[in-house]
Amino acid sequence: MMLEQKTVEFLEALSSGAPVPGGGGASAAVGAFSCALGMMVTNLTAGKKKYADVEDEIIKIRSQLDILKKELVSLVDKDAEAFAPLAKAYSMPKGTREELEEKEKVMEAALYDASIVPLEIMEKVLLVLGHLRVLEEKGSSLAVSDVGAAVLFGRAALEGASLNVYINTKMMKDSEKAECLNSKADSMIMQARRLEEEIYAGVLEKIR
């Protein structure tokens, strides 16, 4: 997996001229960092006498964030894998009508598949933001700034992934299918922005 590399090696790969990892993979990675920060907050909360009444809920959130973190790490690679058929489709011949029709058919399928992975990244990150909302309210007050950082990472990850949806759907011939994918992305962006604004405002109120 790409994130099994040292962070600096992943950054070197990201900054190279290679098409992957790109914005989608980076968004998944940032989403995983958001999970990790959330887990840190749970670990600073669980076991503390002050938060004994919410300990069971915090431990459950920690477990769920751990699952989401691993899924987002996997999505870094899944995003790269989804790009490969699309890159191959771009180079298909189109000299004859048959070749052009075949290329368009393959391209349409590849564009759809390349849109599904960033949508999955968005779905996972939206779940992360929901957990962060609880941590802002019930987590350790000593780590509330980390919740704030995590939610900013989460919103960036989700909106970053959305761009990979839009760039692919824009090229799809099936406008109805493209609009369906866009609508899903639009809905998640609206939910994420609302959550981020509420959580971040709560964090600032506690630390300023």
Side-chain angles (χ1 to χ4, degrees), residues 21-39 41-42 57-58 60-62 64-76 78-79 82-83 86 108 111-139 143-208:
S27 294
V30 172
F33 276 101
S34 179
C35 285
L37 274 173
M39 289 181 69
V41 176
T42 66
E57 186 176 7
I58 295 297
K60 184 177 180 181
I61 289 173
R62 180 173 61 193
Q64 292 169 336
L65 284 174
D66 189 37
I67 291 169
L68 287 165
K69 181 183 68 173
K70 291 171 182 174
E71 289 174 338
L72 284 161
V73 168
S74 295
L75 282 164
V76 175
K78 194 172 178 181
D79 182 75
F83 179 78
L86 185 57
E108 191 74 2
L111 287 166
Y112 179 82
D113 290 343
S115 302
I116 293 300
V117 176
L119 274 175
E120 190 175 351
I121 294 169
M122 294 176 73
E123 289 167 355
K124 302 299 182 187
V125 174
L126 192 57
L127 292 173
V128 175
L129 293 176
H131 293 314
L132 293 175
R133 183 174 192 172
V134 178
L135 292 177
E136 183 273 319
E137 295 173 355
K138 302 180 180 181
V144 70
S145 62
D146 297 296
V147 176
V151 76
L152 291 174
F153 285 3
R155 176 171 172 176
L158 187 144
E159 295 199 32
S162 75
L163 299 178
N164 273 25
V165 177
Y166 299 138
I167 196 171
N168 290 313
T169 56
K170 184 177 178 64
M171 293 185 286
M172 289 173 63
K173 301 289 186 183
D174 188 334
S175 58
E176 187 174 336
K177 188 176 288 186
E179 184 53 37
C180 180
L181 295 171
N182 287 344
S183 293
K184 289 180 181 180
D186 293 343
S187 176
M188 285 190 279
I189 287 173
M190 290 179 63
Q191 293 177 69
R193 287 179 178 175
R194 184 169 59 250
L195 277 169
E196 183 270 330
E197 288 167 5
E198 291 174 358
I199 298 167
Y200 190 67
V203 169
L204 285 182
E205 188 176 342
K206 289 177 179 177
I207 65 175
R208 291 188 67 177

* To do: For L126, look at atom CG and say whether over 12 heavy atoms of other residues, nucleotides or ligands are found less than 6.0 Å away.
  => yes
* Is it true that atom NZ of K206 has more than 12 heavy atoms of other residues, nucleotides or ligands lying nearer than 6.0 Å? -> yes
Do [Y] and [X] meet the salt-bridge criterion of a basic N to acidic O distance under 4.0 Å?
{"X": "R193", "Y": "E197", "value": "no"}
{"X": "E108", "Y": "K173", "value": "no"}
{"X": "R62", "Y": "D66", "value": "no"}

Any side-chain to backbone donor/acceptor pair from [X] onto [Y]? Under 3.5 Å, distance only.
{"X": "S115", "Y": "N168", "result": "no"}
{"X": "S27", "Y": "A161", "result": "yes"}
{"X": "S187", "Y": "K184", "result": "no"}

* S183 and E179: CA distance, side-chain angles, deciding distance, side-chain hydrogen bond (donor to acceptor under 3.5 Å, both in side chains) verdict -> CA-CA 6 Å; S183 293; E179 184 53 37; 3.3 Å; yes
So do the side chains of [X] and [Y] get within less than 4.5 Å of each other, counting heavy atoms only?
{"X": "L37", "Y": "V41", "answer": "no"}
{"X": "V117", "Y": "F83", "answer": "no"}
{"X": "L204", "Y": "Y200", "answer": "yes"}
{"X": "C35", "Y": "L72", "answer": "yes"}

Nearest 0.5 Å please: distance from the [atom1] atom of [X] over to the [atom2] atom of [Y].
{"X": "N164", "Y": "I116", "atom1": "CG", "atom2": "CD1", "answer": "13.0 Å"}
{"X": "R133", "Y": "L135", "atom1": "CZ", "atom2": "CG", "answer": "12.5 Å"}
{"X": "I61", "Y": "I58", "atom1": "CD1", "atom2": "CD1", "answer": "5.0 Å"}
{"X": "L158", "Y": "S34", "atom1": "CG", "atom2": "OG", "answer": "10.5 Å"}
{"X": "K170", "Y": "S175", "atom1": "NZ", "atom2": "OG", "answer": "13.0 Å"}
{"X": "K124", "Y": "M122", "atom1": "NZ", "atom2": "CE", "answer": "14.0 Å"}

I need the minimum non-hydrogen distance between [X] and [Y], along with the two atoms involved.
{"X": "D79", "Y": "P118", "result": "OD1-CD, 4.3 Å"}
{"X": "L129", "Y": "G154", "result": "CD2-CA, 4.1 Å"}
{"X": "G38", "Y": "L132", "result": "CA-CD2, 3.9 Å"}
{"X": "A32", "Y": "K69", "result": "O-CG, 3.9 Å"}

* To do: Please step through side chain to side chain contact (heavy atoms under 4.5 Å, CB included) for the pair H131 and T42, ending with a clear verdict.
  => CA-CA 10 Å; H131 293 314; T42 66; over 6 Å; no
* Given the rule in the side chain to side chain contact (heavy atoms under 4.5 Å, CB included) test, do L75 and K78 qualify, once you have shown the distances and angles that lead to the verdict? -> CA-CA 5 Å; L75 282 164; K78 194 172 178 181; 3.6 Å; yes
* To do: Show your reasoning for whether side chain to side chain contact (heavy atoms under 4.5 Å, CB included) applies to M188 and L119.
  => CA-CA 9 Å; M188 285 190 279; L119 274 175; 3.6 Å; yes
* Decide yes or no on side chain to side chain contact (heavy atoms under 4.5 Å, CB included) for V151 and L195, but give the supporting numbers first. => CA-CA 9 Å; V151 76; L195 277 169; 5.9 Å; no
